[in-house]
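Only one structure is covered here, and it is reproduced in the block below.
Below, all heavy atoms of this structure are taken into account, side chains as well, without hydrogens, waters or symmetry copies.
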Amino acid sequence: MPGAHRLIGRVYVFGGRLPSGLLGLVAGLATPYGPVTMAGDALLWLSCTPAGRRMAGRRRFVDHRRWMVRNFALTMSIITNRVYGVLFAILLSPQLETTFHGDETLPAATVAGLGAWLGWILPLPFAEWWLERGDAAPESPSREDRRSDPR
């Protein structure tokens, strides 16, 4: 099964993740809201994948798993930022005339920024919380001491 995992991982990295991340950076430069979205999500996403790959190459599979959980959280942020975008568009549309003074570009920029940043700001800390509490948690000295303690 490790051979299948390795093959699937390579397809994921070189066939999906790397091209998507690079295209995300290009799209970030080409859209009016790009620098805001590119700075957070795309750069973080592009950094987690090589870190996970490097850990697997060093046969540090616990660390590999931790980096890939972070990568998954950032991948899911692409979906959640769409949900947040719709939610904020609905919530902010009644404010068009008052808060945004009738300028339709202001709520669009606000929705894009909120959706993009909340898309990764919420899932990534959740992933870190999950990693620190379960079987993926790193071994702490206190855990090792308890194991070796004959009491």
Are Leu114 and Thr110 side-chain neighbours, meaning at least one heavy-atom pair lies under 4.5 Å? yes
Which atom pair, heavy atoms only, marks the closest approach of Gly85 to Val111? O-CG1, 3.3 Å
Hydrophobic cluster identity match, Leu96 and Leu92, side-chain contacts under 4.5 Å: yes
List in chain and number order the residues that pass salt bridge (charged side-chain N to carboxylate O under 4.0 Å, His left out) with Arg70, two or more places apart in sequence or in another chain; answer none if no residue qualifies. Glu128
Would you check if Tyr12 and Leu7 make a side-chain contact, meaning some heavy-atom pair closer than 4.5 Å? no
For Thr49 and Leu46, indicate whether the former's side chain and the latter's backbone hold a donor-acceptor pair under 3.5 Å. no
Taking every non-hydrogen atom, the tightest pair across Gly115 and Asn81: O-CB, 2.8 Å
Within the 4.5 Å heavy-atom criterion, are Pro123 and Thr80 side-chain neighbours or not? yes
Going by atom type alone, with no hydrogens or angles, which donor-acceptor pairs under 3.5 Å involve a side-chain atom of residues 54-61 and a protein atom two or more places apart or on another chain?
{"unit_1": "Arg60", "atom_1": "NE", "unit_2": "Asp63", "atom_2": "OD2", "d": "3.0"}
{"unit_1": "Arg60", "atom_1": "NH2", "unit_2": "Asp63", "atom_2": "OD2", "d": "2.7"}

Linking Ile, Leu, Val, Met, Phe, Trp and Tyr through side-chain heavy atoms less than 4.5 Å apart, which residues share a cluster with Ile8? none
Would you please test Ile90 and Val86 for side chain to side chain contact (heavy atoms under 4.5 Å, CB included) and show each step? CA-CA 6 Å; Ile90 291 168; Val86 170; 3.9 Å; yes
Leu106 CG to Asp103 CG distance, which is reported to the nearest 0.5 Å: 4.0 Å
Arg53: partners by side chain to side chain donor-acceptor pair (under 3.5 Å), with sequence neighbours left out: none
Is it true that Trp117 and Leu91 fall in one hydrophobic cluster, defined by side-chain heavy atoms closer than 4.5 Å? no
Under 4.5 Å side-chain linkage, directly or through intermediates, the cluster mates of Val83: none
Counting C-beta onward and ignoring hydrogens, is there a side-chain heavy-atom pair between Ser77 and Leu124 closer than 4.5 Å? no
Shared ILVMFWY cluster between Leu74 and Ile121, side chains joined below 4.5 angstrom? yes
Which pair of non-hydrogen atoms, one from Pro125 and one from Trp120, has the smallest distance, and what is that distance? CD-O, 4.0 Å
For Ser20, all residues meeting side chain to side chain donor-acceptor pair (under 3.5 Å), sequence neighbours excluded: none
Any chance you could measure Phe100, atom CZ, to Thr105, atom OG1, to the nearest 0.5 Å? 10.0 Å
Find out whether the Lys NZ or Arg CZ of Arg133 is both under 6.0 angstrom from the six-membered ring centre of Trp129 and within 45° of the ring's axis. yes
Is there a side-chain contact between Asn71 and Met68, using heavy atoms and a 4.5 Å cut-off? yes
With side chain to side chain contact (heavy atoms under 4.5 Å, CB included) as the criterion, how do Thr98 and Gln95 come out once you've worked through the C-alpha distance, each side chain's angles and the decisive distance to 0.1 Å? CA-CA 5 Å; Thr98 55; Gln95 303 297 318; 3.2 Å; yes
If Ile, Leu, Val, Met, Phe, Trp and Tyr residues are connected whenever their side-chain heavy atoms lie under 4.5 Å apart, and connections chain through other members, are Leu122 and Leu44 in the same group? no
